[in-house]
K.L.:
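The following block contains the structure, expressed as structure tokens.
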Amino acid sequence: MTPPSSPPLSIIIIGAGFAGLTAAIECHRKGLTNLVLFEKSPSLAPLGDIISFGQNSSRIFANWGNLPDLLSPIIHKADQVHFHDSSGRFVTTQSFKEEHLAWGERINGHRGEIHSLVYSHALSLGIPIRLGVTVTKYFETPSHAGVVTSSGEAHTADLVIAAEGVRSKARTLILGEEDHPLPSGYAVFRSWFPTPLSFFSSPLTSHLVSRGDTHNAWIGTDVHFLAASIKNGKEISWVCTHVDTSDISESWQFPGSKPAALSLLQNWDPVVKELVKATPEEKLFDYKLVFRDPLPTFVSPEGRTILVGDAAHPFLPTSIQGASQAMEDGVVLAVCLDRIKGDGTKVKEAVRVWEGLRYERVHRVQKTGVTTREQWHKADWDVIWKEPEVLHLKREGWILDFDSERDAEERYERVREGLVKEGRL
């Protein structure tokens, strides 16, 4: 007699950011289609500003049908960044042409626009996404995990994936206690807006927008300012990271203040100040950068609930890897769940191996955010004028020339055997 087949692995994903959507899309791609995604926002408007995806994640987009073709018209096309000191003196240019030839293209663009395309792709696959659903509690047993929503409904599955950011309530289940985000001591003014017509003719700003897409950086003491023109100069994005001591116990996103930004930059290059002055007040935001101490684990005691993306490992913007690592989480998880053939009784094996594949890498990449910030904010200008390349971003092959899917396929069994020897499986 043929034994009865077990029901297909069931999955609940919380959060429709890049981590949650990637997990859903990649699980679907592996044939794991018994899933549902809950998102607390009642609608997904194209909010935000610039976001960057390294080659380690742009290769993931390449697996998603015609998405790369849809992304092409909206992404940043500059292949170099020009560095200046705070007064505007040119220092050095860093080109990305060689790495693009060797490792593939980066994808930089408006977070909301890119997210909308990824969300639409998920919907086109038939992935069920329920908006306006707020999770108030996570729970688990040895045989299943679940969530309770604000409406009082309980939903259970073989696996729950918490992808709802740094304040995910799943952290309490996994840590055994509530924790809080801590201030990093830094904040970022951020903006994205249509390029004013005056920019194309002004001697101060025409070089930013009239020659196609551009990318410029200004480096000062404990402050750096990055500006990009996008869509052939039709739109402008800028970010300014600076020291900040504000309390973030309740919120870390505030309306930005142009006078505050201009005060911070009062002795800076007039080009920088012109960018701030031209910013519509309603398009300026002030983000307080938060961090979490590295977690001892991303997996719950029963192995039925996991944290991915910012819920597990928030990144500083200077790492330029937060979104990419969130996407890698989803890709590797799908490989691991595929390895257990969708068997709900082997979820603990899959997620423990997933953690073994991700934990060291993600924390090693995470540290680069602090390294880059200190490289700029504590710059020794006597050294820089002799060796301008000191300012260049560290573009490392172990981070960028990396295929997370292939790595997971190749190392799964080795990591599983190691966990068995350690008595963790």
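Hydrogens, waters and symmetry mates play no part in the numbers below; they use all other heavy atoms, side chains included. Since we're looking at a predicted model, the values are computed, not measured.
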K.L.:
Under a 3.5 Å cutoff, is there a donor and acceptor pairing between the side chains of Gln55 and Glu99?
P.N.:
yes
K.L.:
Near Glu389 CD, under 6.0 Å, is it more than 12 heavy atoms from other residues, nucleotides or ligands?
P.N.:
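Yes, CD of Glu389 has more than 12 neighbouring heavy atoms, counting only those of other groups under 6.0 Å.
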K.L.:
Under 4.5 Å between any side-chain heavy atoms of Ile60 and Ser404, yes or no?
P.N.:
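With C-beta onward as the side chain, the pair touches.
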K.L.:
Considering only NZ, NE, NH1 and NH2 on the basic side and carboxylate oxygens on the acidic side, decide whether Glu328 and Arg361 come within less than 4.0 Å.
P.N.:
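Salt bridge between Glu328 and Arg361, a charged N being under 4.0 Å from a carboxylate O: yes.
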K.L.:
Does either side chain, that of His377 or that of Thr221, offer a donor lying less than 3.5 Å from an acceptor on the other one?
P.N.:
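Absent: no donor and acceptor within the cut-off.
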K.L.:
What about His215 and His82, are their ring centers closer than 6.0 Å?
P.N.:
no
K.L.:
Around atom CD of Glu98, are there more than 12 heavy atoms from other residues, nucleotides or ligands closer than 6.0 Å?
P.N.:
no
K.L.:
Flag yes if more than 12 heavy atoms outside Lys258 fall under 6.0 Å of its NZ atom; otherwise flag no.
P.N.:
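Correct, the count exceeds 12.
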K.L.:
Do we see a donor-acceptor contact under 3.5 Å between the side chains of Thr241 and Trp376?
P.N.:
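Judged by distance alone, the side chains do not pair up.
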K.L.:
Taking the six-membered ring for Trp, is the centroid-to-centroid distance between Phe189 and Phe285 below 6.0 Å?
P.N.:
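Ring centres of Phe285 and Phe189 not closer than 6.0 Å.
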K.L.:
Looking at Arg352 and Glu355, does any basic side-chain N land under 4.0 Å from a carboxylate oxygen?
P.N.:
yes
K.L.:
Taking the six-membered ring for Trp and the full ring for Phe, Tyr or His, determine whether the centres of His224 and Trp218 are under 6.0 Å apart.
P.N.:
no
K.L.:
Does the ring centre of Phe315 sit less than 6.0 Å away from the ring centre of His313?
P.N.:
yes
K.L.:
Establish, yes or no, whether a centroid distance under 6.0 Å links the rings of Tyr138 and His155.
P.N.:
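Not under 6.0 Å, so no.
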K.L.:
Taking the six-membered ring for Trp and the single ring otherwise, decide whether the centroids of Phe53 and Phe61 are under 6.0 Å apart.
P.N.:
yes
K.L.:
So, Glu178 versus Thr172: side-chain donor-acceptor pair below 3.5 Å or not?
P.N.:
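No, no side-chain donor-acceptor contact under 3.5 Å.
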K.L.:
Run Arg111 and Asp49 through salt bridge (charged side-chain N to carboxylate O under 4.0 Å, His left out) and show every step you take.
P.N.:
CA-CA 5 Å; Arg111 182 200 181 278; Asp49 48 74; over 6 Å; no
K.L.:
More than 12 heavy atoms of other residues, nucleotides or ligands under 6.0 Å from NZ of Lys346: yes or no?
P.N.:
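No.
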K.L.:
Does the pair Ser324 and Ser57 meet the rule for a side-chain hydrogen bond (donor to acceptor under 3.5 Å, both in side chains), with working shown?
P.N.:
CA-CA 5 Å; Ser324 293; Ser57 55; 2.7 Å; yes
K.L.:
So, Glu409 and Arg406, do they make that salt bridge, N to O below 4.0 Å?
P.N.:
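Arg406 and Glu409: not salt-bridged.
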K.L.:
Got a sec: does the NZ of Lys231 have more than 12 other heavy atoms crowding it under 6.0 Å?
P.N.:
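Check passes, neighbour count above 12.
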K.L.:
In the structure I gave you, are the side-chain heavy atoms of Ser72 and Lys77 within less than 4.5 Å of one another anywhere?
P.N.:
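Side-chain contact under 4.5 Å: yes.
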K.L.:
Any idea which heavy atoms bring Glu349 and Ile340 closest together, and the distance?
P.N.:
OE2-CG2, 3.9 Å
K.L.:
Atom NZ of residue position Lys394 - does it have more than 12 heavy atoms of other residues, nucleotides or ligands inside 6.0 Å?
P.N.:
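Enclosed: over 12 neighbouring heavy atoms sit under 6.0 Å from NZ of Lys394.
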K.L.:
Between Gln80 and Gln94, does the side-chain hydrogen bond (donor to acceptor under 3.5 Å, both in side chains) criterion hold? Intermediate values first, please.
P.N.:
CA-CA 5 Å; Gln80 59 188 6; Gln94 180 175 6; over 6 Å; no
K.L.:
Look at the side chain of Glu39 and the backbone N and O of Leu131, then say whether any donor-acceptor pair between them is shorter than 3.5 Å.
P.N.:
no
K.L.:
The test is side-chain hydrogen bond (donor to acceptor under 3.5 Å, both in side chains); show your working for Ser52 and Asn108 and say whether it passes.
P.N.:
CA-CA 4 Å; Ser52 298; Asn108 301 327; 3.0 Å; yes
K.L.:
I would like to know whether Arg106 and His100 meet side-chain hydrogen bond (donor to acceptor under 3.5 Å, both in side chains); could you show each step before the answer?
P.N.:
CA-CA 7 Å; Arg106 302 168 299 150; His100 288 173; 3.0 Å; yes
K.L.:
Could you tell me whether the side chain of Leu400 reaches within less than 4.5 Å of the side chain of Arg395, counting heavy atoms only?
P.N.:
yes
K.L.:
State whether a side-chain donor-acceptor pair under 3.5 Å links Glu113 with Trp192.
P.N.:
no
K.L.:
Between Arg304 and Glu302 (salt bridge meaning N to carboxylate O under 4.0 Å), is one present in this structure?
P.N.:
no
K.L.:
What is the distance from atom CZ of Arg416 to atom CG of Leu357, rounded to the nearest 0.5 Å?
P.N.:
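Nearest 0.5 Å value for the CZ-CG distance: 12.5 Å.
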K.L.:
Does any non-hydrogen side-chain atom of Ile161 lie less than 4.5 Å from one of Thr305?
P.N.:
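Of all side-chain heavy-atom pairs linking Ile161 with Thr305, none is under 4.5 Å.
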K.L.:
May I ask you to decide whether Lys386 forms a salt bridge with Asp380, counting only side-chain N to carboxylate O separations under 4.0 Å?
P.N.:
no
